Amino acid sequence: QMQLVESGGGLVQSGGSLRLSCAASGRTFENYVMGWFRQAPGKEREFVSAISSGGGGTFASDSVKDRFVVSRDNDKKAVYLQMNRLKPDDTAVYYCAASGRILNAANYYQDWMYDYWGQGTQVTVSS
């Protein structure tokens with residue numbers, strides 16, 4: 001089992017920044033691909049960003065790739081999402097997820113590839 005706990009969400013004005021953190025415990029963190037997903041009210045959960053187990057590869061959705069940066073610290077068993085130039089459309093509950101599978105460009109964005117999920121943290125961007 002792996003437990004994931006997100007933090008860092010909150011209310012921010014449009015154009016502002018937030019840094020989300022996800023603390024992991026349990027299994028060998030460095031073996032897992034880590035992803036960030038989000039779900040806005042009335043919408044389906046969508047992929048935001050992911051980072052390979054060693055941190056050398058990152059992926060991001062087109063809507064955030066120029067504004068959000070994913071990183072990880074395997075010693076601290078943590079993954080981060082630095083969110084810059086936030087927009088009201090970024091308002092959602094953000095979830096951290098872990099995958100023990102071998103992911104690639106064809107599937108890193110698919111939520112069913114991830115085995116463990118956090119409880120989510122709310123991000124609200126005001127206009």
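Because only heavy atoms are used, hydrogens play no part in the values below, and waters and symmetry mates are left out as well, while side chains stay in. For clarity, every value in this text was computed on a predicted model and none was experimentally measured.
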Specify the closest pair of heavy atoms between [X] and [Y], including all atoms of both residues, with the distance to one decimal.
X: Arg67; Y: Leu86; answer: NH1-CA, 3.8 Å
X: Ala40; Y: Ala92; answer: N-CB, 3.8 Å
X: Arg101; Y: Trp112; answer: NH2-O, 3.9 Å
X: Tyr94; Y: Glu6; answer: O-OE2, 3.9 Å
X: Val48; Y: Phe68; answer: CG1-CD2, 3.8 Å
X: Leu4; Y: Ala24; answer: CD2-CB, 3.6 Å

Could you go through Tyr114 and Met34, starting from their C-alpha distance and side-chain angles, then the distance that decides it, and tell me whether this counts as side-chain contact (heavy atoms from CB on, under 4.5 Å)?
CA-CA 8 Å; Tyr114 291 79; Met34 299 301 296; over 6 Å; no
Those residues at least two apart in sequence (or on a different chain) that pass ring pair (Phe, Tyr, Trp, His ring centres under 6.0 Å) with Tyr108 are Phe47, Phe59
If only atom types and distance count, is the side chain of [X] paired as donor or acceptor with the main-chain N or O of [Y] below 3.5 Å?
X: Arg19; Y: Gln82; value: no
X: Gln122; Y: Gly10; value: no
X: Ser99; Y: Val33; value: no
X: Asp115; Y: Gly100; value: yes
X: Arg85; Y: Asp66; value: yes
X: Asp73; Y: Lys76; value: yes
X: Ser52; Y: Gly57; value: yes

Is there a donor in the side chain of Ser53 and an acceptor in the side chain of Asn31, or the other way round, less than 3.5 Å apart?
no
Where do Val79 and Cys96 land on the side-chain contact (heavy atoms from CB on, under 4.5 Å) test, with the steps shown first?
CA-CA 8 Å; Val79 62; Cys96 170; 3.8 Å; yes
Partner of Arg38 under side-chain contact (heavy atoms from CB on, under 4.5 Å), picked from Val93, Val123, Thr91, Val64, is Val64
Supply the atom-to-atom distance Cys22 SG to Lys77 NZ, rounded to the nearest 0.5 angstrom.
12.5 Å
Taking atom CG of Leu20 and atom OH of Tyr95, what is their separation to the nearest 0.5 Å?
13.0 Å
Does the pair Lys87 and Asp90 meet the rule for a salt bridge (charged side-chain N to carboxylate O under 4.0 Å, His left out), with working shown?
CA-CA 5 Å; Lys87 306 174 182 179; Asp90 295 319; over 6 Å; no
Cation-pi check for Tyr80 against Arg72: NZ or CZ below 6.0 Å from the six-membered ring centre and within 45 degrees of the axis, yes or no?
no
